[in-house]
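Down below is the structure, laid out as structure tokens.
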Amino acid sequence: MSAPGPRTLGTARHPSWRHRRLDPDHSLGLRLTLAATAAFLVLVPFALLALLVLGAWAPLHRLDTAVTEALHGYAVDHPAWVVLMHTWTEVFAPMPLRAAALLVVIWLLRRGARRLALWATTTMVVGGLFGPLLKLLVGRDRPELLDPVARAAGYSFPSGHALNATLTAGVLLLVFLPYVGRGVARVALWVGALLLTVVTGLSRVALGVHFTSDVLGGWLLGVAVVAATTAAFTSWRAHTGLRPVRPAREGVAPEVERHPDAT
């Protein structure tokens with residue numbers, strides 16, 4: 001009797017889907033899974049917050065009211081503070097921020113980075129559409145104050161200023177990270193993105209035109225959109241053979257600095 005031959009390739013076992021997604025040796029699958037999970041985990045607290053707002057949860061209402069009244073009292077006694085917050089909220093309103101993002105998209109197109117420009121556009125447009133839609137679905141009224149220092153039209157949740165500031169900061173950060181070094185410039189870029197996001201949101205509460213939970217909702221939704229579009233862009237990179245990246249350190253397309261036509 002002859003000895004059995006070697007096993008054929010057809011009997012080889014392939015790793016399961018879960019193993020490929022979580023195996024550190026498969027860095028692309030692991031990073032895609034982590035990015036998608038991050039987007040989902042950010043979206044969950046936003047959805048929970050929206051449900052609490054819709055249900056008029058008493059503890060949240062008390063917190064929102066207390067913060068609004070405290071900041072309103074400070075604003076009434078400090079006109080210079082009102083001028084500063086009003087100037088900030090106008091300079092970094094949704095339309096100026098969208099115009100800044102558009103300039104970045106045009107610059108990317110002129111450099112030949114078409115897909116990176118598409119990612120930036122998609123991020124701004126998707127987030128920009130979610131905001132007004134959710135405002136209509138939630139239908140939350142803005143704070144009512146006896147002596148308001150500012151006024152705003154429309155519904156309140158989520159804050160459009162906070163949402164668009166988060167989207168713009170995320171786009172600018174992930175586009176320009178490849179152009180800064182590892183020292184002061186990188187820190188300055190991160191600090192600038194955080195200041196744009198945080199101060200713009202806080203200015204809306206300081207002026208009494210949004211509740212704190214409105215601004216928090218805008219921040220959470222903005223981060224979720226940026227995380228989701230970044231995960232999608234990372235997936236595209238995999239299909240084109242580009243190396244995996246760490247967006248928080250390298251941006252979404254680090255090769256664009258030297259080879260813009262690659263993106």
Side-chain angles (χ1 to χ4, degrees), residues 31-54 92-105 108 113 115-138 140 154-177 189-190 192-202 204 210 212-237 245-253 263:
R31 289 176 181 175
L32 284 175
T33 302
L34 292 177
T37 302
F40 176 76
L41 291 178
V42 175
L43 194 59
V44 167
F46 171 81
L48 177 60
L49 182 62
L51 290 175
L52 294 178
V53 170
L54 278 169
F92 297 106
M95 288 308 296
L97 291 178
R98 290 167 185 160
L102 178 60
L103 291 177
V104 172
V105 168
L108 290 172
R115 291 184 176 87
L116 184 57
L118 178 61
W119 168 80
T121 302
T122 301
T123 302
M124 295 299 299
V125 171
V126 169
L129 291 176
F130 270 137
L133 176 61
L134 289 168
K135 281 180 182 286
L136 291 175
L137 291 175
V138 176
R140 187 188 205 184
Y155 291 120
S156 190
F157 183 91
S159 166
H161 278 67
L163 169 60
N164 283 276
T166 305
L167 294 172
T168 305
V171 166
L172 296 181
L173 179 68
L174 295 179
V175 166
F176 288 111
L177 270 176
L189 184 60
W190 269 100
L194 290 173
L195 282 176
L196 171 61
T197 302
V198 173
V199 179
T200 302
L202 293 181
R204 305 303 285 169
H210 274 295
T212 304
S213 55
D214 299 332
V215 170
L216 180 59
W219 288 337
L220 289 172
L221 181 59
V223 171
V225 171
V226 172
T229 59
T230 299
F233 191 78
T234 303
S235 178
W236 166 82
R237 291 177 60 89
V245 295
R246 293 168 293 182
R249 295 185 180 182
E250 305 172 87
V252 290
T263 54

Checklist entry - Passes side-chain contact (heavy atoms from CB on, under 4.5 Å), Phe92 versus Leu196? Steps please. => result CA-CA 8 Å; Phe92 297 106; Leu196 171 61; 3.4 Å; yes
Next on the checklist: Before you tell me yes or no, could you show the steps for Leu174 and Thr123 under side-chain contact (heavy atoms from CB on, under 4.5 Å), namely the whole-Å CA-CA distance, both residues' side-chain angles and the distance that decides it to 0.1 Å?
Outcome noted: CA-CA 12 Å; Leu174 295 179; Thr123 302; over 6 Å; no
Next on the checklist: As a quick check of understanding, evaluate side-chain contact (heavy atoms from CB on, under 4.5 Å) for Thr230 and Trp119, giving each step before the final call.
Outcome noted: CA-CA 8 Å; Thr230 299; Trp119 168 80; 3.7 Å; yes
Item to check | Step-by-step salt bridge (Lys or Arg N to Asp or Glu O under 4.0 Å) determination, Arg140 to Asp214 | outcome: CA-CA 9 Å; Arg140 187 188 205 184; Asp214 299 332; 2.7 Å; yes
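Minimum interatomic distance between Val53 and Ser213 (heavy atoms only, all atoms of both residues): CG2-OG, 4.2 Å. Closest heavy-atom contact between Ala120 and Val105: CB-CG2, 4.0 Å. Of all heavy-atom pairs between Ser159 and Arg204, the closest is OG-CG, 4.1 Å. Annotation for Gly201 and Ala162: closest pair CA-CB, 4.2 Å, computed over non-hydrogen atoms. Here the shortest heavy-atom pairing between Pro94 and Gly160 reads CG-O, 4.0 Å.
Distance CG/Leu189 to CZ/Phe176: 8.5 Å, rounded to 0.5 Å. For the atom pair CG (Leu194) and CG (Leu173), the distance works out to 8.0 Å, reported to the nearest 0.5 Å. Note that CG of Leu97 and CE of Met124 are 6.5 Å apart. Values are rounded to the nearest 0.5 Å. With values rounded to the nearest 0.5 angstrom, Leu220 atom CG is found 9.0 Å from Thr166 atom OG1. Taking CG from Leu195 and OG1 from Thr200, the interatomic distance works out to 9.0 Å, rounded to the nearest 0.5 Å.
For the pair Leu202/Val199, no side-chain contact is recorded, criterion being any heavy-atom separation below 4.5 Å from C-beta on. Side-chain contact check for Trp190 versus Leu177: some heavy-atom pair is nearer than 4.5 Å. Leu116 is listed as a side-chain neighbour of Phe233, based on a closest heavy-atom distance under 4.5 Å. Residues Pro158 and Lys135 form a side-chain contact, since some pair of their non-hydrogen atoms from C-beta on lies under 4.5 Å apart. For the pair Trp219/Thr197, a side-chain contact is recorded, criterion being any heavy-atom separation below 4.5 Å from C-beta on.
Judged by distance alone, with hydrogens and angles left aside, the side-chain atoms of Thr229 form a donor-acceptor pair with the main-chain N or O of Val226 at under 3.5 Å.
Using cut-offs of 30° and 60° on the angle between ring planes, the pair Phe46 and Phe157 is parallel.
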